[in-house]
Amino acid sequence: MKRYDFIIAGGGMAGLSLAYYLTQSPLRHKSILILDREIKNSNDRTWCFWEHRDAAGPYESIIFRQWDTVTFHGTTYAGPLGMGAYRYKMLRGVDFYQFVQQELEKWSNIERKQVSIDEIKATPTGGEVRAGGELFIANYVFDSTFQLSLNDQKNHNLLQHFKGWVITTEKPCFNPEKAEIMDFRIEQHGDCRFLYVLPFDEKTALVEFTLFNDQLLTDDQYDSALRQYVDQYLETGGYTIRETEFGVIPMSDVKTEEKPATNIIRIGTSGGATKASTGYTFQRTQRYLREIVRNMAETETPYRQPDWFERRFKLYDSIFLNVLEQHRHPADDVFTRVYVNNPERVFRFLDEDTHLLDELKLFTTMPWWPFTAAFFAVIRRKWIGR
Ligand SMILES: Cc1cc2nc3c(=O)[nH]c(=O)nc-3n(C[C@H](O)[C@H](O)[C@H](O)COP(=O)(O)OP(=O)(O)OC[C@H]3O[C@@H](n4cnc5c(N)ncnc54)[C@H](O)[C@@H]3O)c2cc1C
C-alpha cells in the first residue's frame with residue numbers, strides 16, 4: 001500500500017487552497033493525495049471578501065470583479081462606506097477550481113481521486129482514510145470534511161442562509177463601480193435580513209437575500225423576497241434570471257478543533273475558519289493555510305500557535321451571536337451603528353487585526369445594555385453552563 005506524505009480529505013476551497021500553497025512552497029515535491037466525492041467543475045458558489053490594497057492574494061488574476069466603493073442601506077444611514085485601504089472582491093468558485101486544478105496538473109506527485117470518504121482515523125505514525133472500499137495512509141491527513149455539531153445548547157448555533165439570483169435586466173440599472181453590501185430595507189420579521197447587490201456591469205448583478213437566524217425558509221419564500229426587492233428597488237424594465245445560488249453557513253461558537261489528533265489537521269469550516277459572527281471563511285482559511293504550510297516548511301510540523309489574547313475575538317463573536325439569537329436589539333440598527341462610524345476599522349476588526357483600543361472605540365458605538373446583558377449571558381452559558 002502506498003503511503004503519502006499528505007492526504008487532503010475534501011478538495012473544496014480549503015483542500016485545493018492547501019494543495020496550491022504546497023506547490024508554491026519548499027514542500028512542492030511531497031506526495032499528496034486529494035480525495036473528494038465531487039469533481040468541482042461547476043460554479044457552486046461565489047466568494048466575496050475584502051482585501052488590503054497592498055496584499056493581493058494568489059488568486060488576483062482570477063478575481064471576477066472588485067470594487068473600491070461599497071454602499072450600505074441601514075436604519076439611520078444610506079450611502080457609501082469608506083473602504084480606506086481595502087477593496088471588496090468577488091471570486092467565482094468555478095474560476096478558483098479551474099485555476100488550482102490547472103496548477104496541480106503540472107505536478108506528478110499530486111494525485112486526485114473522486115471518491116466518497118467513509119472514515120478518517122489517526123494511527124500511531126500518521127493518519128488513514130477509508131474511502132470507496134480502499135484504505136489510504138499518510139504522514140498527515142488534512143480534513144475539510146468533518147461536520148461541526150451544531151446542536152449543543154451551550155453554544156449559539158445560528159445559520160447564515162441565502163439565496164441569490166444573477167439577473168440580466170432590460171434597462172441599465174446597476175452602477176458597476178459600487179457594490180451594495182447590505183441593504184436592510186426589507187421587513188425584518190424580528191430577525192436579521194438583508195439583500196446585497198453585486199453588479200457585474202450596468203445590466204447584470206448578483207442579487208442575494210440573506211438571513212441570520214436558526215430557521216431555513218422554503219424556496220418560495222427566498223424567491224418571493226428576491227422578487228419583491230427587485231421590483232421595489234431596481235428599475236430593471238424586466239429581467240432574466242441567469243444563475244441561482246443557495247447556501248447555508250454555520251454561524252456558531254461551537255468549539256472547533258484544528259488538531260483532533262497528532263497527525264490529523266482540520267482545515268476550512270471543519271477547522272474553525274468560519275468567523276462565527278459573519279460567516280466569512282475564505283480569507284481566514286487562506287491565512288491559516290499559509291501559516292500551516294510555512295510551519296511545515298520551517299519546522300516539519302503543521303500546527304498553528306494562535307496567541308492566547310486573540311481568543312478575545314471569540315468572546316466578541318459569542319456576544320454578538322447572543323444579541324442576535326436573543327433579539328436583544330434590532331440587527332439592522334446594530335449593523336448601522338457598526339458600519340457608519342469607521343468602516344475601515346470594522347473590516348480590520350472582522351479580520352481580527354485591531355488592537356484593544358480600536359475595539360473599545362467600536363464597542364462604544366453599540367447600545368450598551370443589550371451588549372452588556374449578552375456578555376453576562378455568554379459567561380453564564382459557556383463557563384457556568386446555565
Ligand atoms: C453558496 C456559498 C457561498 C459562500 N460565500 C462565501 C463568501 O462570499 N465569502 C466567504 O468568506 N465565505 C463564503 N462561504 C463560506 C465558505 O467560504 C465556503 O463554504 C467554503 O467553500 C468553505 O470551504 P471548505 O473547504 O471548508 O468547504 P468546501 O469548499 O465545502 O469543501 C469541502 C469539500 O469536501 C468534500 N466532501 C465533504 N464530505 C465528503 C466525503 N464524505 N467524501 C468526499 N468528499 C467530501 C465536498 O465535496 C467539498 O468539496 C460560502 C458558502 C457557500 C455554501
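Start at 1 and go down the list; that is how both ligands and their atoms are numbered. Computed over heavy atoms, backbone and side chain alike; hydrogens, waters and symmetry mates excluded.
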### Task
Answer yes or no for atom 27 (O) of ligand 1: protein heavy atom present at a distance under 4.0 Å?
no

### Query
Backbone, side chain, both or neither: what part of Thr274 comes under 4.0 angstrom of ligand 1, heavy atoms only?
neither

#### Entry: Element-labelled atoms of ligand 1 that are located less than 4.0 Å from some non-hydrogen atom of Phe246
1 (C)

## Note on the structure
Within 4.0 Å of some non-hydrogen atom of Arg45, the atoms of ligand 1 are 1 (C), 2 (C), 3 (C), 18 (C), 19 (O), 20 (C), 21 (O), 29 (O), 30 (O), 53 (C)

### Query
Are Arg328 and Phe371 in a cation-pi contact, defined as NZ or CZ under 6.0 Å from the six-membered ring centre and within 45° of the axis?
no

## Note on the structure
min-distance protein heavy atom vs atom 42 (N) of ligand 1 -> Ile117 N, 2.8 Å

### Task
Taking only heavy atoms of Thr269 into account, list the atoms of ligand 1 that are under 4.0 Å away from them.
22 (C), 26 (O)

### Among Tyr229, Phe212, Phe209, the one residue meeting ring-ring contact (aromatic ring centres under 6.0 Å, His included) with Phe194
Phe212

### Message
Thr281 versus ligand 1: do any nitrogen or oxygen atoms come within less than 3.5 Å of each other?
### Response
yes

### Message
For the 3.5 Å polar cut-off, considering only N or O atoms, please tell me whether Cys48 and ligand 1 meet it.
### Response
yes

#### Entry: Ligand-residue contact atoms, ligand 1 with Gly268, heavy atoms, under 4.0 Å
26 (O)

### Task
Decide whether Asn341 and Thr365 meet the rule of one side-chain donor and one side-chain acceptor closer than 3.5 Å.
no

### Query
When only distance counts, is Tyr280 in polar contact with ligand 1, meaning an N/O pair under 3.5 Å?
no

### Other residues, nucleotides, ligands: >12 heavy atoms within 6.0 Å of Glu257 CD
yes

### Task
Could you verify whether a donor N or O on one side chain and an acceptor N or O on the other, from Thr75 and Asp332, lie under 3.5 Å apart?
no

### Message
Test salt bridge (Lys or Arg N to Asp or Glu O under 4.0 Å) on Asp152 and Lys255; report intermediate values, then the result.
### Response
CA-CA 10 Å; Asp152 186 341; Lys255 194 167 181 307; over 6 Å; no

### Query
Has Trp47 got any heavy atom lying under 4.0 angstrom from an atom of ligand 1?
yes

### Message
Under 3.5 Å, is there a donor on one side chain and an acceptor on the other for Thr240 and Thr168?
### Response
no

### Geometric N/O contact Ala14 with ligand 1, under 3.5 angstrom
yes

### Message
If I apply the N/O under 3.5 Å rule, does Asp44 come out as touching ligand 1?
### Response
no

### Query
Does Tyr303 have Lys259 sitting over its ring (NZ/CZ under 6.0 Å from centre, angle to axis within 45°)?
yes

### Task
Would you mind checking if Asp118 and Arg130 are paired as a salt bridge, meaning a charged N to carboxylate O distance below 4.0 Å?
no

### Query
If hydrogens are left out, which of Gln283, Arg284, Met13 has an atom nearest to atom 23 (O) of ligand 1, that is, the closest non-hydrogen atom?
Met13

### Message
How far is atom 34 (O) of ligand 1 from the closest protein heavy atom, and which atom is that?
### Response
Gly10 CA, 3.4 Å

### Task
Could you tell me whether some N/O pair between Phe282 and ligand 1 is separated by less than 3.5 angstrom?
yes

### Message
Check contact between Leu16 and ligand 1, using heavy atoms of the residue and a distance below 4.0 angstrom.
### Response
no

### Donor + acceptor pair across side chains of Thr204, Asp201 (<3.5 Å)
yes

### Query
Has Arg312 got its NZ or CZ under 6.0 Å from the middle of the six-membered ring of Tyr316, at an angle within 45 degrees of the ring axis?
no

### Query
Numbering the atoms of ligand 1 from 1, which are under 4.0 Å from a heavy atom of Lys40?
48 (C), 49 (O)

### Atom indices of ligand 1, in the order listed, that fall short of 4.0 Å to a heavy atom of Gly12
29 (O), 31 (O), 33 (C), 49 (O)

#### Entry: Atom indices of ligand 1, in the order listed, that fall short of 4.0 Å to a heavy atom of Thr46
3 (C), 4 (C), 5 (N), 6 (C), 7 (C), 8 (O)

### Query
So, are Asp253 and Lys314 salt-bridged, with charged N and O less than 4.0 Å apart?
no

### Query
What atoms of ligand 1 come closer than 4.0 angstrom to any heavy atom of Thr145?
34 (O), 36 (N), 37 (C), 38 (N), 39 (C), 45 (C)

